[in-house]
Amino acid sequence: MKLYRATLMHTPENPFAVPDALHTLDDGALLVDEGRILAAAPYPDLRAAHPRAEVVDLRGGVLLPGFVDTHVHYPQVRVLGGLGMGLLEWLDRNTLPEEARLADATYAGAVAREFLSALAANGTTTALVFGSHYASAMDVFFEEAARTGLRVVAGQVVSDRLLRPELHTTPERAYAEGRALIERWHGTGRALYAVTPRFALSASEGILDACGALMGEFPGVRFTSHINESPREIEVVRGLFPGARDYLDTYERAGLVTRHSVLAHNVHPTGRELDVMAAYRCTAAHCPCSNSSLGSGLFPLRRHLQAGVHVSLGTDVGGGTGFSMLKEGLQAYFMQQLLGEAGQPLAPAHLLYLATRAGAEALDLQDRTGDFGAGKAFDAVYLRPPEGSTLATVLRHAEGPERALAALFTLGTGADVAGVWVEGDRVYQRPATPSEVRV
Ligand SMILES: Nc1nc2[nH]cnc2c(=O)[nH]1
Ligand SMILES: [Zn+2]
């Protein structure tokens, strides 16, 4: 039994729905046994009740639930920073040539290790990972993920048109390879499988039906894809599916829109699409850095919330600008500010919820992770800025927890991540500098 003593902040409830959803404990503690949280309470109370528990002293920083990144591409870590292009040109010139290199499983293994260590180093403990087009690269990925201890929900990406020939498969092969991967990896350790057609633009009705067949046969499996990202992409999809009511319908008609579906972007939805997404209780994964970088547009968060659509956050590496969910939170805030009257004002509690609990809900993992409630796994990120940094100064002078949390999102980076745990296992520890005591 361990007591993690720290300033605690979490959002066990949805701040878009209830007031006072931000829970904080200044000198708090989590009582953890075998990776599970038994209690969150003021440190003196838990210490008195459990005098023999080992204390892990994390004072001087803030302990948050581990971040949940609901849209991030494993094969794209090496092509981050491809600026100056819109979505379709960026795919052709920057991204797909790299994705083709993952045909080599040794290359894929090196990329997987780089990708997973970047997730952990940024405090992400659970990720919905867009995979590779190659089944061999997915086996390598799941093996490496198991080694790190991170929670991953991931799947082979499938496409059968309009990319590069070496990235294309067939409906039959997509089904057979998907089935084998699900049987090998879904529910193995901390991994789950997500059926993942790249987007309707690169998927025929036949391959979407093959995806639907997998979803029908394996009810616990998740679904993810892209939707309504850029105006040009939407126009091409309209031409490819003349019978579809809209972009969502290309997935809906194949049985791919469910409570277990996470659709990335949705920057340009119609009213019907929002209503249908709300009815199925599926999620829109908002990727604000990617939308800014690729010039995709300003995400209509308020329209999503008004329609009742659940929204989570994703980094969209490599269309995005890195692995930091703090940066995504800040960029989400900026974009709502820029929308003026049409924007949704975001308080620090909203940013924390979007980066943690909302992602857990998107993946239907809210009983396991996303906040510090009793019974949840101890999945956590310890943010402790280096002495002398601007963030350390601002935190020291912050008037109250909301201001401290706002400072973490405004100024925090990967350099402030001092420790990360999944189910009580430490998956990242910042290398000690000479002036720093290890935690
Ligand atoms: N942002 C983004 N959008 C996509 N649409 C289809 N593929 C991709 C991708 O790799 N990144
Ligand atoms: Zn993406």
Side-chain angles (χ1 to χ4, degrees), residues 69-102 111 115 119 124 127-134 137 153-164 167-169 194-204 207-208 211 222-237 240 247-248 250-251 256 261-269 283-297 299 312-323 325 328 331 359 362:
D69 184 342
T70 56
H71 188 68
V72 57
H73 293 252
Y74 126 62
Q76 297 178 11
V77 59
R78 294 186 181 186
V79 294
L80 273 160
L83 302 178
M85 291 167 263
L87 172 66
L88 298 180
E89 185 189 1
W90 173 86
L91 280 170
D92 280 347
R93 291 184 45 199
N94 188 68
T95 307
L96 300 181
E98 168 70 359
E99 296 213 13
R101 294 186 194 110
L102 275 78
V111 172
F115 173 83
L119 281 180
T124 294
L128 175 55
V129 178
F130 233 83
S132 165
H133 288 269
Y134 303 103
V153 184
Q156 179 185 20
V157 179
V158 297
S159 288
D160 61 352
R161 64 179 176 200
L162 294 174
L163 297 180
R164 304 159 68 89
L167 296 177
H168 294 160
T169 185
V195 171
T196 311
R198 189 165 197 121
F199 57 164
L201 189 149
S202 68
S204 68
I207 208 165
L208 293 175
C211 291
R222 308 318 196 242
F223 173 81
T224 192
S225 191
H226 297 93
I227 192 167
N228 287 325
E229 183 173 0
S230 84
R232 176 71 190 130
E233 167 217 15
I234 296 165
E235 196 180 301
V236 176
V237 168
L240 289 167
Y247 203 139
L248 184 71
T250 66
Y251 301 136
L256 299 173
S261 304
V262 178
L263 296 169
H265 303 301
N266 213 30
V267 180
H268 310 282
T283 294
H286 173 33
C287 305
C289 290
S290 168
N291 295 165
S292 305
S293 182
L294 294 172
S296 303
F299 180 72
S312 60
L313 269 190
T315 59
D316 195 23
V317 164
T321 61
F323 288 85
M325 290 292 283
E328 293 304 328
Q331 189 68 19

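The chain is numbered in sequence order, starting from 1. Counting starts at 1 for both ligands and their atoms, following the listed order.
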Original post:
At the 4.0 Å heavy-atom cut-off, does Asp316 count as touching ligand 1?
Top reply: yes

Original post:
Nearest to the Zn ion (ligand 2), which N, O or S atom of Asp316 do we find?
Top reply: OD1

Original post:
What part of Leu87, side chain, backbone, both or neither, has a heavy atom within less than 4.0 angstrom of ligand 1?
Top reply: side chain

Original post:
Looking at ligand 1, does any of its N/O atoms fall within less than 3.5 Å of an N/O of Glu99?
Top reply: no

**OP:** Might you confirm whether atom CZ of Arg93 has over 12 heavy atoms from other residues, nucleotides or ligands at distances under 6.0 Å?
**Re:** no

**OP:** Could you check atom 8 (C) of ligand 1 against the protein and tell me its nearest heavy-atom contact, residue, atom and distance included?
**Re:** His226 CE1, 3.4 Å

**OP:** Output yes if His226 passes the N/O/S-under-2.8 Å test against the Zn ion (ligand 2); output no otherwise.
**Re:** yes

Original post:
Hey, which of Asp316, Val317, Thr124 is the one that makes side-chain contact (heavy atoms from CB on, under 4.5 Å) with Asp69?
Top reply: Thr124

Original post:
Would you say Phe130 touches ligand 1, if touching means a heavy atom closer than 4.0 Å?
Top reply: no

Subject >> Residues Asn228 and His265: side-chain donor-acceptor under 3.5 angstrom >> reply: no

**OP:** Could you tell me how the ring of His73 sits relative to the ring of His226: parallel (under 30°), tilted (30 to 60°) or perpendicular (over 60°)?
**Re:** parallel

Original post:
For atom 2 (C) of ligand 1, which of Arg198, Glu233, His71, Glu229 has the closest heavy atom?
Top reply: Glu229

Original post:
So which heavy atom in the protein is nearest atom 11 (N) of ligand 1, and how far is it from that ligand atom?
Top reply: Trp90 CZ3, 3.4 Å

Original post:
Which word best sums up how the rings of Tyr247 and Tyr251 line up, parallel for under 30°, tilted for 30 to 60°, or perpendicular for over 60°?
Top reply: tilted

Subject >> Residue His265 vicinity, atoms of ligand 1 by number, heavy atom under 4.0 Å >> reply: 1 (N)

Original post:
Is it true that some N/O/S atom of His71, main chain or side chain, lies under 2.8 Å from the Zn ion (ligand 2)?
Top reply: yes

Original post:
Is there at least one pair of N or O atoms, one from Gln76 and one from ligand 1, spaced under 3.5 Å apart?
Top reply: yes

